[in-house]
Amino acid sequence: MKMINSSFSTINTRLQTSWDSTSLSELKTCARKYYYSIVLGIEPRQRSFHLVFGILYHEALEAYDLDRANGASHDQATCAAIRCALRNSWDKSLGRPWNSGNQYKNRFTLIRTIVWYLEQFSEDIVETIILSNGRPAVELSFRFDFPYTFHTGEKASICGHLDRIGKVNGQPWILDRKTTQHEVDDHYFERYSPDNQMSTYAFSGKIVYNIPVEGVIVDAAQVLVNSSRFRRGFAHRTAAQLEEWSTDTLYWIAQADLYAKQGYWPMNDKSCFNYGGCPFRPICARSPEVRADWLADPTKYRQRIWDPLQIRGDV
Amino acid sequence: MPNDSPLTQALPDSLSEYFNKDPALLTEHDEMIIVMALREERKRYLAGEAAKKAKKSSAPGTLSLDDLDI
């Protein structure tokens with residue numbers, strides 16, 4: 001039985017009406033990849049250890065932010081962070097730790113990176129903003145209407161989740177954290193401008209919380225075998241850049257509308273080897289009449305509903 | 001951090017026993033030991049990096065053909 005995805009239309013069940021940065025990124029990479037991963041809700045059986053590591057790291061730092069926002073000390077919140085990471089990286093069914101099989105990104109380097117990051121920024125220059133409702137701007141889920149009406153008559157919306165909004169020298173910024181094995185030099189930070197995720201965050205901060213953010217602060221962690229290194233980068237966004245992103249997003253959502261209406265999502269066969277290689281390339285490499293069997297193979301792929309209205313965190 | 005904080009107590013040699021244990025069975029004290037051990041590891045790492053940097057900046061400059069007036 002296909003599970004219901006609340007971010008999709010109830011009239012055309014292959015039409016996504018609420019969009020987050022992950023869904024948009026998949027669509028922009030390749031419409032066929034978007035179809036498999038978001039519309040059909042399929043992922044490789046073996047989840048990328050990069051993805052798992054990133055999610056675990058994010059969740060732990062969310063636990064830290066929440067604890068600090070609730071008045072905990074740095075030490076108490078650090079313990080809360082590692083508690084979260086240790087528990088979320090424990091396989092309860094097998095009664096053993098998560099094993100990534102990778103010398104760089106594994107459970108130990110995860111915990112080490114969390115503790116070292118929190119020490120690096122224990123005297124953080126970024127001051128968490130207090131919203132108009134008196135709550136600190138951490139763990140913020142958002143959803144707002146977007147000016148597009150689908151062929152079904154339904155309206156589009158943008159949704160997602162922000163880790164934190166803070167101030168640096170009196171200027172507001174969204175905060176995000178990333179992990180990588182690559183050196184976090186100036187070249188590394190170039191990838192965030194332009195960038196769909198960072199633009200979505202900056203646009204959303206402005207629209208939802210009426211805070212004209214300067215952009216996104218990216219705290220990048222380079223995870224090595226014996227150490228973790230950190231650097232903070234700034235992905236600026238002007239009002240004009242955000243306006244441009246908004247216009248571009250309208251075009252992309254209109255494309256998705258057309259694909260859903262026609263029931264066809266074309267391949268972008270120039271993207272197959274980007275970002276470490278598409279997990280669905282083995283499917284697309286085969287003749288169309290046998291693809292359904294490959295997708296249905298439980299040893300290779302499994303169901304994973306990506307519902308941005310339910311799932312928190314675009315890591 | 002106050003001087004009587006549990007986090008200032010002595011550290012174990014290895015963290016493997018903690019990492020191999022079901023985390024639901026770890027106590028707050030266990031968590032504090034893990035955090036402290038990793039903070040100490042970071043201090044050693046940073047000290048090592050600082051020493052490498054100091055050694056590099058005090059080393060004589062690299063000679064080139066120009067210096068030899070050939």
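Just so we're on the same page: letters track the sequence lines, and every chain starts at 1.
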*Asks:* Please walk me through it: do B:Glu28 and A:Cys79 pass side chain to side chain contact (heavy atoms under 4.5 Å, CB included)?
*Replies:* CA-CA 8 Å; B:Glu28 278 186 29; A:Cys79 287; over 6 Å; no
*Asks:* Under a 4.5 Å heavy-atom cut-off, does chain B meet the side chain of A:Ile111, its backbone, both or neither?
*Replies:*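 When you check distances to chain B, atoms from both the backbone and side chain of A:Ile111 fall under 4.5 Å.
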*Asks:* Between B:Asp30 and A:Arg83, is there a salt bridge with N-O shorter than 4.0 Å?
*Replies:*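 B:Asp30 and A:Arg83: not salt-bridged.
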*Asks:* Do the side-chain N and O atoms of B:Tyr45 and A:Arg229 include a donor-acceptor pair separated by under 3.5 angstrom?
*Replies:*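 The criterion, which ignores hydrogens and geometry beyond distance, is satisfied for A:Arg229 and B:Tyr45.
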*Asks:* Does CD in A:Glu190 sit with more than 12 non-hydrogen atoms of other residues, nucleotides or ligands closer than 6.0 Å?
*Replies:*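 Yes, enclosed.
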*Asks:* Mind checking the CE-OG1 spacing from B:Met32 to A:Thr78? Nearest 0.5 Å is all I need.
*Replies:*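 Between atom CE of B:Met32 and atom OG1 of A:Thr78 there are 10.5 Å.
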*Asks:* If you round to the nearest 0.5 Å, how far is OG of A:Ser227 from CD of B:Glu41?
*Replies:*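 The distance works out to 9.0 Å.
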*Asks:* Taking atom CD of B:Glu49 as the centre, report whether more than 12 heavy atoms of other residues, nucleotides or ligands fall under 6.0 Å from it.
*Replies:*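 Yes, enclosed.
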*Asks:* Within a reach of under 6.0 Å around CZ of A:Arg302, are more than 12 heavy atoms found that belong to other residues, nucleotides or ligands?
*Replies:*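 Correct, the count exceeds 12.
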*Asks:* Taking A:Trp116 for its side chain and B:Arg39 for its backbone only, find out whether a donor-acceptor pair lies under 3.5 Å.
*Replies:*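 Checked: no pair found.
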*Asks:* Which bit of A:Ile82 comes within less than 4.5 Å of chain B, counting heavy atoms only: side chain, backbone, both or neither?
*Replies:*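 The answer is the side chain of A:Ile82.
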*Asks:* Write down the atom of B:Lys21, the atom of A:Trp90, and the distance for their closest heavy-atom approach.
*Replies:*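 Where B:Lys21 meets A:Trp90 most closely, the heavy atoms are O-CZ3, 3.3 Å.
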*Asks:* Is any side-chain heavy atom of A:Arg112 less than 4.5 Å from a side-chain heavy atom of B:Arg42?
*Replies:*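 A side-chain contact under 4.5 Å is absent here.
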*Asks:* Walk me through it: do A:Leu86 and B:Tyr18 pass the test side chain to side chain contact (heavy atoms under 4.5 Å, CB included)?
*Replies:* CA-CA 10 Å; A:Leu86 286 167; B:Tyr18 299 100; over 6 Å; no
*Asks:* Crowded around A:Asp91 CG? As in, over 12 foreign heavy atoms under 6.0 Å?
*Replies:*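 Atom CG in A:Asp91 is packed in, count exceeds 12.
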*Asks:* Atom CG of B:Leu38 and atom CD1 of A:Ile114: how far apart are they, to the nearest 0.5 Å?
*Replies:*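 Rounded to the nearest 0.5 Å, the CG-CD1 separation comes out at 10.0 Å.
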*Asks:* Starting at CG of B:Asp22, measure out to CZ of A:Arg96 and round the result to the nearest 0.5 Å.
*Replies:*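 Between atom CG of B:Asp22 and atom CZ of A:Arg96 there are 14.0 Å.
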